[in-house]
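Remarks on the structure that follows.
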Amino acid sequence: MSEDRFIDDAVKRSAETAEDRDKLTGMVAQAAAGTPTATTEQDGPSDASILNFALNLEYLVSRV
């Protein structure tokens, strides 16, 4: 599985809403580019989506 697909799968499984999925995807892209920006609670994904993302990465890494 390619690295991009790996991250995309983790984001899709993690997001509670389409809006959270877009926000998570943007945050991952910024981090990969080395230019993460600070987000406030109002414009970031939900805490549950962030925790689900981390958990899904753990599951996906253990499968590789």
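Each residue takes its place number in the sequence, starting with 1. Not measured: the values here are computed from a predicted model.
In this view, Ala29 satisfies the side-chain contact (heavy atoms from CB on, under 4.5 Å) rule with no residue, not counting sequence neighbours. For Thr25, the side-chain contact (heavy atoms from CB on, under 4.5 Å) partners two or more places apart in sequence, or in a different chain, are Val11, Arg21. Under the side-chain contact (heavy atoms from CB on, under 4.5 Å) criterion, Asn52 pairs with Ser14, Asn56, sequence neighbours left out.
Note: the hydrophobic cluster containing Val61 does not contain Leu51 (ILVMFWY, side chain heavy atoms under 4.5 Å, direct or indirect links).
Remark: Ser62 OG to Leu57 CG distance equals 10.5 Å, nearest 0.5 Å. Taking CG of Asp20 as the start and CG of Asp47 as the end, the distance is 10.0 Å to the nearest 0.5 Å.
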